[in-house]
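The structure under discussion appears below in the form of structure tokens.
Order of appearance sets the numbers: ligands from 1, and atoms from 1 within every ligand.
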Amino acid sequence: MANRKEKTFRFIIIGGGIAGVTCVEQLSSQIPSADVALITASPHIKTVTNYRQVSKTLEEFDVEEQASSVLEEKFPNLTVIHSAVKSLHTRSHSLETTDGRVFGYEKLCICGGGRPKLLTQENPYVLGIRDTDSAQELQKRLSKAKRIVVVGNGGIALELVYEVEGCEVIWAVKDKAIGNTFFDAGAAQFLIPSLEAAKPEKDTPCKRPRYTTEEPAPGGSHTFTADRNARRQGSSSTEAGSALGPDWHEGIVLQGSEQGTRRVSLEYQCEVEKIFTSEELLNSPPQTLGHENVGSWPVYIKLTNGKTFGCDFVVSATGVVPNTEPFLHGNNFALADDGGLQVDDHMMTSEPDVYAAGDVCTACWEHSPMWQQMRLWTQARQMGWYAGRCMAAQVLSEPIELDFCFELFSHITKFFNYKVVLLGKFNGQGLGSDHELLVRCTKGLEYVKVVLSGGRMVGAVLIGETDLEETFENLILNEMDLTPYGEELLNPNIDIEDYFD
Ligand code: FAD
């Protein structure tokens, strides 16, 4: 293998998603003379634009899909190789791509992302959403659908059930409340009426990119369009594309075959027991079906609450698993319980000279008490950026400390058209019964929840335009004893910003 090396690069980064591209940008700006290669299976790369630091730890940005040539023009020492890594040989510091080429590296960073945790493999009636191609497949199938079943309770399921119109949606969640990954039952209760109401008209254009199928102009930045008829050329749906991110549904019309707005029915505390085709159902005992007519739907799904639903297709939105498979064989990577490549506080895996960042890795350093890993866009950027800095620091023999962004978990997103800010241990994660909650809620307007432990604020959920994020972030970081303020902390008549100035 060593003799077949086409070229040895100082740095190779695998993956053209946010983690990989940010890592490349960081490395290339810190050591412009270094030979860097980006190997990616997807035809486009994802770049962060309009980055905005909202507060000490909160950040917002847009994401653009771009031609890789844009990155190569910016960094002359960068080579982008469009192929997938088939195997990795950490002992010889080399890897092989699916087009049969072998490259050597001095330092490697794996940013291969995740893949959908599908309910079942290779069932044509079960769809996962991960990348542009799978989102378009969803759109195509939805346009002919009368009823779909969505299984899962994370961010993707939340956004999907809110966006789909003209098609009945049965939403099966394993928890007692919706959005369990992000919210408690109170916040879920606050959001539920939005599912029943019509979607507000969009009066401002979406400031985030639309994911399109159009090939970018050579060397140019990608234009994002909502053109349903556009087609991406030269890309195959079997390629491992980058994960979508915020507003992934903005550029695609999630319209079923019927008229009318949203129709969502919720099935709580249940999982999938079995998925049948209509033929399989015909051969099964009559009680399997319940009230559905055999043969009227292409697929049936039996839930553990005993109900069976026929539908046009099932969307499996049950999370992602780290995409480690191509890198493991013959190597000795330590894997975390969730299947991610274990990384230490310098983003190093257990294999020498191999780093990892983004969805593919699991942060195994001793976390700050207010931080936890969640496979989110922001953390992919932060990890990619920090991995790049760590790789450069090692080569330059410079010391480097864990970045401040890992001090406090913070995330801004939008659910059901509400701004949502999550801070610290927003759901009391890991605190057991050692915490209390303060909640303020104005129906249809805002939901504010504060998690206190030992009199100190350790987390918060802010839904709506609360304008409290910066103050609460400071209160969490300062570890101030808030006992004297009691419930006044959430008194809407007190300007809390002035209060703590
Ligand atoms: P990815 O973006 O998945 O990139 C992985 C890259 O590795 C790809 O370019 C792929 O082609 C490449 N690759 C994979 N295998 C190989 C190989 N063998 N050889 C070479 N290249 C390879 N996060 C949020 O914060 N907010 C949201 O609202 C949000 N919504 C989401 C909606 C959807 C539908 C999905 C699927 C995810 C969403 N996420 C969201 C999560 C977010 O998109 C991911 O956490 C983030 O994109 C991970 O970035 P990454 O760079 O680690 O991986």
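Listed by atom number, the atoms of ligand 1 under 4.0 Å from I14 heavy atoms are 19 (N), 20 (C), 21 (N). When each atom of ligand 1 is checked for a heavy atom of E159 under 4.0 Å away, the hits are 28 (O). Annotation for ligand 1: atoms under 4.0 Å from non-hydrogen atoms of A84 are 19 (N), 20 (C). The ligand atoms of ligand 1 that sit less than 4.0 angstrom from a heavy atom of R375 are 41 (C), 45 (O).
Residues F415 and F182 place their aromatic rings such that the two centres sit under 6.0 Å apart. Ring to ring, F409 and W371 are not that close: their centroids are 6.0 angstrom or more apart.
The closest approach between any non-hydrogen atom of K46 and ligand 1 is not below 4.0 Å. Ligand 1 lies within reach of C111, whose nearest heavy atom is under 4.0 Å from it.
Not counting sequence neighbours, the partners of N123 by the side chain to side chain contact (heavy atoms under 4.5 Å, CB included) test are T120, Y125, V126, I275. A search for side chain to side chain donor-acceptor pair (under 3.5 Å) contacts involving T324 returns nothing, not counting sequence neighbours.
For Q429 (side chain) and F426 (main-chain N/O), a donor-acceptor pair under 3.5 Å exists by modelled atom type.
When heavy-atom distances to ligand 1 are checked against a 4.0 Å cut-off, I156 comes that close only through its side chain, counted from C-beta outward. When non-hydrogen atoms are compared, ligand 1 lies under 4.0 Å from the side chain of H411 (C-beta onward) but not from its backbone. Under 4.0 Å from ligand 1, heavy atoms of A41 appear from its side chain as well as its backbone. Residue P326 touches ligand 1 through its side chain alone, judged by heavy-atom distances below 4.0 Å. By the criterion of a heavy-atom distance under 4.0 Å, neither the backbone nor the side chain of I45 is placed next to ligand 1.
Of the candidates D359, L95, L160, T378, it is D359 that places a heavy atom closest to atom 44 (C) of ligand 1.
Seen from the ring of W385, R389 counts as a face-on cation partner, given the 6.0 Å and 45° thresholds.
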